Amino acid sequence: MNSKMRTPISVVAAGLAALLTAVPTFAADALYSERELQTAAWIRDAAADGNKAYAILESLTTEVGPRMAGSEGDARAVAWAEAKFKELGFDKVWKEPVSFPSWQRGVERAEVLAPFPQHLVVTALGGSIATADGGLQAEVVAFDNLDALKAAAPETLAGKIAFVNKPMRAFRDGHDYGPTVAARGAGAVEAGKKGAVGLLIRSVGTDSDRLPHTGLMRYDDKVNKIPAAALSVPDADLLANMLKRGQPVKLKLEIGAKAGPTYTSYNVIGEISGTEKSSDYVLIGGHLDSWDLGTGAIDDGAGCAMTMAAAEFLNRNGLKPKRSIRVVLFANEEQGLFGGNQYHDAHVKELKNVHAAAEADFGQGPVYRLDSHVKPQALPLVKQMQQVLAPLGIEAGGNDNSDGPDLRAMNMAGIASFGLALDGIDYFDLHHTPNDTFDKIEQARLNQSVAAFATWAWLAANSPTDFGSMGDYLVGKAKAAQH
């Protein structure tokens, strides 16, 4: 233990001693010791100012920048990550291949031809096909949401451009994203079923900037494929105002996107070795790829930087965990969770070694709640974690965590997982836009998130008991849902 810890520990020891009696109905071997809690409290306080996340993120956005899966930026990001892990002193550094179909963005233009000629700001949705050379011209038909589009009579859309204009509201947990993003994912299929020749959606975002939000869309091979794009929020309002005048609005849309070849990128991994149970590990991380419009600072450079910095802080201060701490920077989350799914497949026989996992993929924070998904017998440990983290302004959550898109396959397989919920009140102002750049990072917010992840990772890696395979629990829950 670093000698610098002596003074902070003496300051917090009295308050932390009370934590040992906070859950008196459980045996002592199911709880953290006072010394472990004191160490965790020191980490919580010291990591908030003594971490390298801001510098790591500046390095990624400056030296690599946009890193769309399958691009030259993707390859540069992999090389950067491998070198950065080594520079930060991780005990083990390696990469694992991840293959996927690539997609390339081309020209993207839209303009109203009549009755009020104006240029519109658009971006192609990820996976979209191109328009014919020279673009397409058609009348626009507006819908309030995806359900309204689904309910439309086919004759209202034949030969026209469908426009889904559903606004998104801002919430700390981003819970309006799911209902809003449905049009991005399925809108082209639903419009294509009814004979539409193109799809426009209001950007899935909470900003008012004249900058469109990209993001993945999907096709159904049984349905005619049509080009799909997102309008910036102000341009969606502009188009809606034109339509309110009761005259047909004719629009020209030109998209030059195309499918690329199958590409192999990598999950890049750094590990701090455990001292007693090194084959078991706590998994933290984020996704290394980004969309191509910005430099991926918020989504998800921040998640990569905070988790790399959390593990580096522990290692630099001589805090060797009992179990290993593994930081995984996942490949191609944006276009289909390829990195997370292929990590699961590559390690499926070793998932029992994942002691606990938590992903950072919702911006820079701060962390405001700790949720879990563990066996009931491990909840006393979770309660102690929550009490240690409380001075950071972190609330105690429930035991129904499902956070972490790259962890989804592993969560389904029953690993113990935690959600360090990041405050995303402004996340969708920047998400998937040209505005996702380093200048939006607030160092104090990022630092609090690093402190939370470092403290949680240390406690998780040093837990006196396991958090439990949730396999039996999930099977039972699925059976109960059927009834």
Side-chain angles (χ1 to χ4, degrees), residues 48 51-61 65-67 77 168-178 180-181 203-209 211 213-216 233 284-291 293-310 327 329-330 333-334 337 340 358-371 389 392-395 397 401-407 418-454 456:
N51 73 79
K52 297 182 178 182
Y54 194 75
I56 293 169
L57 184 51
E58 188 276 335
S59 172
L60 175 60
T61 54
R67 43 201 185 274
M168 182 179 173
R169 298 168 296 167
F171 295 97
R172 183 166 67 168
D173 64 355
H175 69 258
D176 203 34
Y177 180 64
T180 309
V181 78
S203 279
V204 182
T206 52
D207 61 302
S208 60
D209 295 314
L211 297 169
H213 297 237
T214 191
L216 186 65
V233 170
I284 56 177
H287 65 86
L288 185 57
D289 68 305
S290 75
W291 283 106
L293 303 183
T295 59
I298 292 290
D299 184 20
D300 183 31
C304 295
M306 71 178 66
T307 52
M308 294 172 82
V327 181
L329 306 186
F330 294 99
E333 183 269 351
E334 295 291 4
L337 306 180
E359 183 176 14
D361 183 16
F362 201 52
Q364 61 188 314
V367 175
Y368 68 90
R369 190 181 67 237
L370 178 65
D371 296 299
L389 290 170
L392 290 175
I394 297 173
E395 307 164 2
N401 174 65
S402 60
D403 285 349
D406 289 299
L407 302 180
F418 288 76
L420 285 83
L422 294 160
D423 189 329
I425 191 65
D426 57 353
Y427 179 70
F428 291 106
D429 289 353
L430 308 168
H431 178 254
H432 297 183
T433 75
N435 241 349
D436 183 1
T437 50
F438 181 69
D439 59 297
K440 310 308 185 303
I441 298 297
E442 299 175 35
Q443 191 166 2
R445 293 172 65 176
L446 188 65
N447 284 345
Q448 188 267 12
S449 300
V450 176
F453 268 91
W456 173 81

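Being a predicted model, the structure only gives us computed values, none of them experimental. The residues of the chain are indexed from 1 along the displayed sequence.
- The ring-ring contact (aromatic ring centres under 6.0 Å, His included) test applied to Phe428 returns Tyr177, Phe362, His431, not counting sequence neighbours.
- In summary, the side chains of His287 and Glu359 do not present any donor paired with an acceptor at a separation below 3.5 Å, with no hydrogens or angles considered.
- With hydrogens and angles disregarded, no donor-acceptor distance shorter than 3.5 Å links the side chain of Ser59 to the backbone of Ala55.
- In this structure, OG1 in Thr206 is found 10.5 Å from CZ in Phe171, a value given to the nearest 0.5 Å.
- Thr214 is linked by a side chain to side chain donor-acceptor pair (under 3.5 Å) to Arg105, counting only residues two or more places apart in sequence or in another chain.
- What you find for Leu288 and Arg67 is that their closest heavy atoms are O-NE, 2.6 Å.
- Heavy-atom minimum distance, Ala53 versus Ala305: O-CB, 3.6 Å.
- Every residue two or more places apart in sequence or in another chain that forms a side chain to side chain contact (heavy atoms under 4.5 Å, CB included) with Asp426 is listed here: Asp429, Arg445.
- The side chain to side chain donor-acceptor pair (under 3.5 Å) search around Asp406 returns none, not counting sequence neighbours.
- In this view, Lys52 and Ile56, Leu88, Glu312, Arg316 satisfy the side chain to side chain contact (heavy atoms under 4.5 Å, CB included) rule, not counting sequence neighbours.
- The NE2 atom of His432 lies 9.5 Å from the CG atom of Leu293; values are rounded to the nearest 0.5 Å.
- Atom OG in Ser290 sits 8.0 Å away from atom CG in Leu60 (nearest 0.5 Å).
- With a 4.5 Å cut-off on side-chain heavy atoms, Trp456 and Val367 do not count as touching.
- For Glu395, the salt bridge (charged side-chain N to carboxylate O under 4.0 Å, His left out) partners are Arg172, not counting sequence neighbours.
- In the model, Thr437 has a side-chain atom that pairs as donor or acceptor with a side-chain atom of Asp439 under 3.5 Å.
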Show the numbers, then the answer: is there a side-chain contact (heavy atoms from CB on, under 4.5 Å) between Leu420 and Leu370?
CA-CA 5 Å; Leu420 285 83; Leu370 178 65; 3.9 Å; yes

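- A search for side chain to side chain contact (heavy atoms under 4.5 Å, CB included) contacts involving Ala444 returns nothing, not counting sequence neighbours.
- Atom OG of residue Ser203 and atom CG of residue Asp209 lie 10.5 Å apart, to the nearest 0.5 angstrom.
- Applying the side chain to side chain donor-acceptor pair (under 3.5 Å) rule to His213 yields the partners Asp207; only residues at least two apart in sequence or on another chain are considered.
- A heavy-atom distance below 4.5 Å is found between the side chains of Asp289 and Glu333.
- Applying the side chain to side chain contact (heavy atoms under 4.5 Å, CB included) rule to Asp371 yields the partners Arg369, Asn401; only residues at least two apart in sequence or on another chain are considered.
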Between Phe438 and Tyr54, does the ring pair (Phe, Tyr, Trp, His ring centres under 6.0 Å) criterion hold? Intermediate values first, please.
CA-CA 9 Å; Phe438 181 69; Tyr54 194 75; 4.8 Å; yes

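- Annotation: the span from Asn435 atom CG to Thr295 atom OG1 amounts to 10.0 Å, rounded to 0.5 Å.
- For Gly286 against Asp300, the heavy-atom pair with the smallest separation is CA-OD2, 3.2 Å.
- Not a single ring-ring contact (aromatic ring centres under 6.0 Å, His included) links Tyr368 to another residue, sequence neighbours left out.
- We find the CD1-CG distance between Ile298 and Asp361 to be 11.5 Å, quoted to the nearest 0.5 Å.
- In this structure, Arg169 pairs ionically with Asp176, as a charged nitrogen and a carboxylate oxygen lie closer than 4.0 Å.
- In this structure, Gln443 has no side chain to side chain donor-acceptor pair (under 3.5 Å) partners at least two apart in sequence or on a different chain.
- The shortest non-hydrogen separation linking Val233 to Gly205 is CG2-O, 4.3 Å.
- Across every non-hydrogen atom of Ser449 and Gly365, the tightest pair is OG-CA, 3.5 Å.
- For the pair Ala360 and Thr307, the tightest heavy-atom approach, listed with the atom from each and the gap, is CB-CG2, 4.1 Å.
- With hydrogens and angles disregarded, a donor-acceptor distance shorter than 3.5 Å links the side chain of Gln364 to the backbone of Glu442.
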